[in-house]
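Heads up: the structure comes next, in structure tokens.
Below, chains carry the letters A, B, ... as their sequence lines are ordered, and counting in each starts from 1.
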2 protein chains.
Amino acid sequence: MQGAIFPGQAQWAETDAEERHRLMDAKVTIKEIARYAGVGTTTVSRVLNNHPYVSDEKRRRVEQAIAALHYRPSQTARHLRGGSSGLLGFLTDDVATTPYAVDIIRGAQDVAWAHHMVLLVADTGGNSRFAEAAVDVFRERAVEGIVYAAMYHRPVRLPAGLDGLPTVLANCFLEDRSAPSVVPDEVYGGYHATKAALDAGHRRIGFINLWEETEGVTPPFPAIYGRLRGYQQALEDHGQAYEDALVRFSNQTPRENYRHTRELMALPAPPTAIFCGNDKVAMNCFSALAELGLDVPGDVAVIGYDNIAHIAEGLLPQLTTMQLPHYEMGKWAVQYLIENQGRTMEPVQMALPCPLVARESV
Amino acid sequence: MQGAIFPGQAQWAETDAEERHRLMDAKVTIKEIARYAGVGTTTVSRVLNNHPYVSDEKRRRVEQAIAALHYRPSQTARHLRGGSSGLLGFLTDDVATTPYAVDIIRGAQDVAWAHHMVLLVADTGGNSRFAEAAVDVFRERAVEGIVYAAMYHRPVRLPAGLDGLPTVLANCFLEDRSAPSVVPDEVYGGYHATKAALDAGHRRIGFINLWEETEGVTPPFPAIYGRLRGYQQALEDHGQAYEDALVRFSNQTPRENYRHTRELMALPAPPTAIFCGNDKVAMNCFSALAELGLDVPGDVAVIGYDNIAHIAEGLLPQLTTMQLPHYEMGKWAVQYLIENQGRTMEPVQMALPCPLVARESV
DNA sequence: GCTGTTTATGGTAACGTTGCCAGATTCTTG
DNA sequence: CAAGAATCTGGCAACGTTACCATAAACAGC
């Protein structure tokens with residue numbers, strides 16, 4: 001790069017720098033810094049950790065040596081010596097289900113990073129044997145805590161082997177509430193979605209709620225029951241009577257979502273607004289309304305849930321929907337973990353609001 | 001657990017076990033195992049690492065001690081001693097853009113895990129200062145390699161400070177191709193999408209390609225040019241003439257996507273199939289066709305790209321689309337990293353096929 | 001029965017770092 | 001100016017692990 005006196009020299013200097021680089025980048029230790037700067041290792045350590053009692057002269061020399069040799073302290077040695085590992089485990093059952101659930105990771109990471117900690121992530125793919133193996137690995141690496149995240153809001157069971165490891169659940173919870181958790185406030189979401197329709201002047205508000213059965217049993221999904229309660233509460237607060245006919249439960253296949261919309265609109269007194277259990281339902285709802293020649297939001301307002309950007313921003317008109325606090329849950333989980341380091345954690349059950357994202361469909 | 005001679009002893013043993021557990025889970029070392037089993041630390045180490053020259057008797061005693069004290073070797077100490085860190089860095093510019101890009105992480109993780117390695121992930125949020133800080137942290141933790149992933153296929157520039165660290169790019173590449181990379185084969189995707197329409201008997205095939213400009217300049221996105229080339233090639237192979245009027249470029253806003261569909265269908269000889277640059281385009285294309293009273297796939301076939309499950313499976317009819325090999329890219333990147341440990345890596349430029357996912361829209 | 005190999009075992013150093021201690025120098029203060 | 005405090009400084013041990021070395025016993029072959 002720099003000007004060279006003559007070719008041979010330039011070439012030599014270049015390979016030398018390269019060689020040195022290769023050798024050094026591998027392992028520059030505090031000892032070499034000490035030797036290079038002509039001080040003891042302790043002094044170097046003191047400079048690194050901003051301890052007092054180092055003369056300006058030596059501090060300068062050490063800093064220079066560090067820069068010259070591209071020294072980086074070994075986190076491994078620090079940890080072994082007695083420091084913290086600075087590692088947090090992020091365990092998730094299945095990332096793929098809800099795409100924007102990645103935001104949980106981002107939220108967790110941002111807080112961790114601010115505390116000079118790093119995230120070790122493992123996706124178990126729903127395999128509990130794998131989950132236990134992951135916990136084992138986390139333990140071997142001395143993580144200081146674990147965030148267990150589910151990709152949709154539901155009760156979970158923790159993998160074995162977590163005893164004694166501070167664990168916070170995000171977007172899920174234990175049936176017995178014995179561990180701290182942070183989840184979306186579904187009642188709040190249902191309430192404000194309905195309120196948005198009411199505030200826009202709508203009085204008959206349909207609700208295509210979610211529904212799911214495994215072997216005839218409906219798991220206690222808060223999304224289903226919470227949003228319904230919020231819906232009812234909002235109606236009540238606005239003096240509107242609750243009407244069974246306006247509430248439907250869809251197993252979320254496109255055809256079912258479509259059918260429920262059609263049946264809702266075939267009512268003697270059809271709704272002028274439809275609150276959909278999620279954005280996919282809203283998408284199919286749009287199709288059905290379009291086929292009926294109805295305009296959104298002119299004839300019927302539609303509100304979704306989840307704020308899946310690809311759908312909500314991609315639809316025509318763009319979808320007004322409820323935001324799941326994924327990012328915030330990730331943040332909260334790690335925050336709580338870090339705040340309570342050392343202490344035993346209270347099993348706080350935190351619910352974060354799902355704010356309305358107003359677009360064009362109301 | 002074992003039978004007790006008299007109650008007092010049992011009780012003592014119990015609390016003792018609990019107490020011991022609390023204290024030990026914190027840190028059981030190889031030394032304590034050795035003392036408990038009445039052997040030397042070396043012997044314990046030999047058992048742990050399946051080395052020969054340990055009598056069955058002592059091996060049994062050591063294994064028992066390990067189980068009794070819930071011992072786990074410290075990866076930190078192993079690493080310091082000279083072992084590998086077993087850490088891989090996963091650096092990404094922005095996870096949020098394409099939701100299913102998380103599959104890159106899953107793919108990377110699965111391979112890493114199979115090699116007893118763990119993924120350290122950092123999302124830079126597109127901030128290059130943060131990216132460099134992340135590289136620094138990765139270095140301090142002695143990661144053995146880095147996967148740099150972009151969330152849509154494009155040229156990138158690596159953060160500073162990666163010199164000497166084996167790096168593989170996933171879903172992105174360097175302009176000068178100086179580092180190995182793995183990306184989707186866009187030409188292949190464009191070719192097979194078009195071929196699917198041709199094979200279904202279609203002869204006039206519209207193409208709503210993607211387009212993007214920043215300050216009047218279109219970055220060299222392979223998605224745009226590659227798919228177009230594939231489209232052209234497929235037509236040629238089937239003896240169909242390429243027609244400029246059938247190819248459009250959309251900046252991907254819902255309204256533009258809609259407009260392009262309408263204009264395509266307003267042609268003197270409108271297409272009987274439309275290949276969309278991605279699933280969002282296809283979604284808007286569906287709306288436009290529905291409004292025209294056209295049936296999919298009866299009147300017009302539609303093919304998407306990306307296979308965003310929420311859209312592709314949520315539409316009516318379900319969308320036939322091209323799968324981006326996210327999971328496979330993650331796998332390939334880590335595989336390549338691990339295979340070439342120690343060696344200097346050839347800057348292989350790998351392109352993985354985008355297979356057709358046949359659903360109902362063709 | 002003597003050499004040479006195979007098997008079994010534990011002690012010790014080293015990995016890179018920092019806390020503790022001890023020694024040396026300078027600065028206060030009565 | 002003597003005694004104590006504050007400021008510098010480096011040596012050494014220890015964190016938990018494994019490679020290397022040394023020692024010892026058992027076993028083979030002639």
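One atom, NE2 of His51(B), and another, P of dG10(C), lie 16 Å apart when rounded to the nearest Å. Protein atom CD1 of Ile33(B) is 12 Å distant from nucleotide atom C1' of dG16(D), rounded to whole Å. We find that CZ of Arg60(B) is positioned 13 Å from P of dT9(C), with the value rounded to whole Å. Atom P of nucleotide dA8(C) and atom CG of Asn50(B) are separated by 14 Å, given to the nearest angstrom. Atom CZ in Arg59(A) sits about 9 Å away from atom P in dC8(D), given to the nearest Å.
With dG10(C), dT9(D), dG10(D) as the candidates, the nucleotide lying closest to the side chain of Thr43(A) is dG10(D). Taking every side-chain heavy atom of Thr41(B) into account, dT12(C) is the closest of dG16(D), dG10(D), dT12(C). The listed nucleotides are dT17(C), dG10(C), dG16(D); the one nearest the side chain of Leu80(A) is dG16(D). Minimum atom distance to the side chain of Lys58(A) is reached by dG10(D), of the listed dG10(D), dG10(C), dG16(D). The side chain of Ser55(B) has dA8(C) as its nearest neighbour among dT9(D), dT17(C), dA8(C). Comparing atom distances between the Ser74(A) side chain and each of dG10(C), dT17(C), dG16(D) picks out dT17(C) as nearest.
Of the side-chain N and O atoms in Tyr53(B), none sit less than 4.0 angstrom from OP1 or OP2 of dA19(D).
A salt bridge links Asp136(B) and Arg72(A); the closest N-O separation between the charged side-chain nitrogens and carboxylate oxygens is under 4.0 Å.
Within the nucleic acid shown, Thr42(B) comes within 4.0 Å of at least one base atom, counting heavy atoms only.
Residue whose closest nucleotide on DNA chain D sits further toward the 5' end, between Arg46(B) and Pro73(B): Pro73(B).
Checking side-chain atoms of Thr41(A) against main-chain N and O of Ala34(A) turns up no donor-acceptor pair under 3.5 Å. Formation of a donor-acceptor pair under 3.5 Å by the Arg46(B) side chain with backbone atoms of His51(B) is not found in this model.
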With a cut-off of 3.5 Å and sequence neighbours excluded, list every side-chain donor-acceptor pair involving residues 127-134 of chain B.
unit_1: Asn127(B); atom_1: OD1; unit_2: Arg129(B); atom_2: N; d: 2.8
unit_1: Asn127(B); atom_1: OD1; unit_2: Phe130(B); atom_2: N; d: 3.1

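Arg177(A) meets the salt bridge (charged side-chain N to carboxylate O under 4.0 Å, His left out) test with no other residue; sequence neighbours excluded.
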